[in-house]
Amino acid sequence: MRRYFGRKLLIYGLTFFVAATINWMIPRFMPGDPVQSLLSRHQVAPEAVPHLIAYYNALFGLDQPLWQQYLNFWGSLLNGDLGRSVYQSGRPVTEVILAALPYTLGLLIPAILLSWWAGNKFGAIAARRRYLDNAVLPIGYILSAAPYMWLAIMVAWILGSVLRIFPISGGYSYALEPSLTWAFAVDLFAHWVMPFLSLFMVMFGGWAIGMRNMIIYELDADYSRYLDALGAPSGLVRRYAFRNAVLPQVTGLALQLGVIVAGALVTEIVFSYPGLGKLLLAAVQNEDYFLLQGIFLFVIIGTLIANFLVDIAYVLLDPRTRVGMSGGSA
Amino acid sequence: MGLEVTDLRVYYRTLAGDVKALDGVTVAVAEGEIMGLAGESGCGKSTFGNSLIRIDGRMRHVGGRVILDGIELPIADGDAMREFRYKLVSIIPQYAMSALNPTRRIGRMIDELLESRGVRHQELRTELRRRLLLVGLPEAVLGRYPIELSGGMKQRVVMVISTLLDPSLLIADEITSALDVSTQKAVSQTLVQFRDEGFVRSMIVVTHDVSILYQVSDTLAIMYAGRLAEKAPTEELMERPLHPYTRLLISSLPEMGVRFEEERLAGIPGAPPSLLNPPTGCRFRTRCPLADAVCEEQPPFVEVAPGHAVACWKAT
């Protein structure tokens with residue numbers, strides 16, 4: 001067991017190192033100059049430009065050779081310093097990201113977990129009810145196949161514009177200041193519903209389809225047939241089938257949790273939700289190396305943590321992985 | 001009281017039409033009898049075994065009755081059949097190696113299975129332990145997952161589970177097929193032991209391997225293309241086979257103490273007919289050396305000597 005997790009941790013460490021390195025490289029290979037674009041957004045007197053360029057290059061460490069920048073990157077990363085955001089005029093990246101993170105997590109974690117739970121339940125029921133299988137599952141196919149952008153806009157249009165139930169954009173009303181009051185909490189919730197709903201709908205379909213297929217497969221497996229031949233009630237057979245069918249779904253959940261930011265990008269743009277996805281887009285548009293790096297770093301860490309949690313979950317759920325660890329016994 | 005099967009017909013539904021896997025099988029298995037059921041692949045022997053306990057979605061019960069211990073089994077009705085399964089009729093399936101849920105400890109699976117059948121598992125604990133020891137398994141297997149056992153151990157666990165409620169009839173479906181010869185012997189001896197200990201009253205051992213049946217069974221039934229060709233006490237069938245198919249089948253077995261240097265073992269020329277559109281009359285007539293015009297009519301399965309029945313015009 002300890003060897004297994006030791007090896008896993010080593011692999012995760014290596015993955016983190018390689019991913020962080022690539023993450024450092026990519027923005028620097030993008031065409032363009034972040035300082036130039038920063039200056040071009042401000043009215044700067046032409047004679048001040050060379051001085052400002054030199055000042056900003058020194059501030060962000062861009063005047064040093066690349067290898068030096070790379071070492072600096074690791075040095076400050078290990079100190080928990082992700083650098084300063086060029087686009088947010090020098091605010092520390094960590095601060096910028098931490099301000100956006102709660103919105104993304106608050107949106108995605110409930111959406112992913114609830115759609116996973118509900119999709120699995122529904123898929124398992126659909127697998128044995130013909131009318132559900134024939135009538136409702138196609139809706140799942142349509143939901144998960146429809147372009148997400150279009151679906152999100154439809155949700156915004158119907159619930160926001162036509163029915164006017166929920167506000168269309170933002171994380172909270174501009175008239176309010178973030179505070180621990182009921183009024184703000186209610187407002188926050190109202191803004192949260194539509195982005196959540198659109199994500200939930202899309203992911204729900206995918207989970208339900210996956211679970212339905214797995215259940216049909218498991219109900220035809222030998223152990224199910226044996227239980228049936230010994231007269232076990234269908235409840236027991238289905239309980240066993242569900243438990244075994246859920247294993248691949250757990251893997252899918254890990255992948256889904258890992259791509260948390262990428263998944264929310266379109267949602268956050270459509271609903272102008274102030275999360276990491278929206279921040280990521282702004283960082284790309286402004287060639288903000290440090291912010292981009294910082295966000296990707298969070299994505300990497302998120303993926304690795306999610307995968308590690310699933311590794312642990314798998315050990316608890318599936319005895320076969322445990323046997324693999326200890327080499328088995330006859 | 002035993003088992004009485006009358007004119008059992010079970011077809012498989014396919015897109016091309018009905019495959020007549022069982023087409024009028026009439027047979028009786030007496031209490032305490034171990035009947036071996038042999039035949040080529042696709043002759044319907046496994047279908048026969050399965051249809052006595054669990055007719056699945058692809059199978060269709062077309063006709064015939066199954067009476068076990070004086071009770072007619074509702075074999076076509078899965079829900080009504082559930083109550084009789086395990087308690088009255090049980091099976092050791094062909095896939096015994098993969099019959100156990102991979103994510104449950106064996107002991108817990110047994111407990112849950114028994115509870116679901118309304119049996120308190122604590123009451124059977126001692127008996128379960130005793131029977132495991134009888135087949136040479138330590139009690140510790142109950143705490144293991146199926147993947148931790150070897151194939152032979154899984155097979156024995158399944159044998160114990162299937163017979164735990166002392167069913168009246170046990171169907172053993174190709175249970176020796178995946179085993180090496182020495183394990184085959186141990187398994188077949190265990191089957192006989194189970195009957196002698198009273199764990200099961202009668203048994204149908206389905207296999208394509210006639211030599212196994214020779215060690216195990218009291219009577220032998222030979223199936224060909226969805227019908228019974230012949231049934232007799234094992235010794236008699238091996239010594240005095242009446243049906244031409246049985247004769248050819250037995251002559252194609254290697255014999256102990258005979259060296260096959262000069263003569264090659266003879267096979268049976270030809271292939272069994274498709275059961276999608278079986279020929280009329282005797283189904284063996286296309287391969288039979290004795291066939292003539294009379295064989296175009298279906299021969300009845302009749303008793304020609306006490307306990308010896310055969311379906312052939314030429315045998316009577």
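Chain identifiers are assigned alphabetically (A, B, ...) following the order of the sequence lines, protein sequences preceding nucleic acid strands; residue numbering begins at 1 within each chain. Reckoned from all heavy atoms, side chains included, excluding hydrogens, waters and symmetry mates.
Counting heavy atoms of neighbouring residues, nucleotides and ligands inside a 6.0 Å radius, atom CZ of A:Phe200 exceeds 12 of them. Within a 6.0 Å sphere centred on NZ of B:Lys185, other residues, nucleotides and ligands contribute 12 heavy atoms or fewer. When the shell of 6.0 Å around CZ of B:Arg60 is examined, it contains more than 12 heavy atoms from other residues, nucleotides or ligands.
For B:Ile53, the part sitting under 4.5 Å from any heavy atom of chain A is the side chain, from C-beta outward, and nothing else. Of the two parts of A:Arg239, only the side chain, counted from C-beta on, holds a non-hydrogen atom closer than 4.5 Å to a non-hydrogen atom of chain B. Heavy-atom distances place both the backbone and the side chain of B:Met109 under 4.5 Å from chain A. Contacts of A:Leu230 with chain B are made by both backbone and side-chain atoms, with heavy-atom separations under 4.5 Å.
Put simply, the side chain of A:Asp222 does not reach to within 4.5 Å of the side chain of B:Pro93, judged on heavy atoms. The side-chain heavy atoms of B:Glu115 and A:Leu236, taken from C-beta on, include no pair separated by under 4.5 Å.
With no hydrogens or angles considered, a side-chain donor-acceptor pair links B:Ser162 and A:Tyr226 at under 3.5 Å.
For B:Thr103 against A:Leu247, the heavy-atom pair with the smallest separation is CG2-CD1, 4.3 Å. The two residues A:Ala232 and B:Leu113 have their closest heavy-atom pair at CB-CD1, 3.7 Å. Closest approach of A:Tyr223 and B:Asn101 over heavy atoms only: CB-N, 3.6 Å.
Ranked by heavy-atom pairs shorter than 4.5 Å toward chain B, the options A:Gly231, A:Ser224, A:Ala241 are led by A:Gly231. In terms of non-hydrogen atom pairs under 4.5 Å with chain A, the most contact-rich of B:Gly57, B:Pro167, B:Pro146, B:Ser98 is B:Ser98. For the options B:Val158, B:Val141, B:Leu165, B:Asp56, heavy-atom pairs under 4.5 Å to chain A are most numerous at B:Val158.
Of the charged side-chain nitrogens involved, at least one lies within less than 4.0 Å of a carboxylate oxygen, so that A:Asp228 and B:Arg85 count as a salt-bridged pair.
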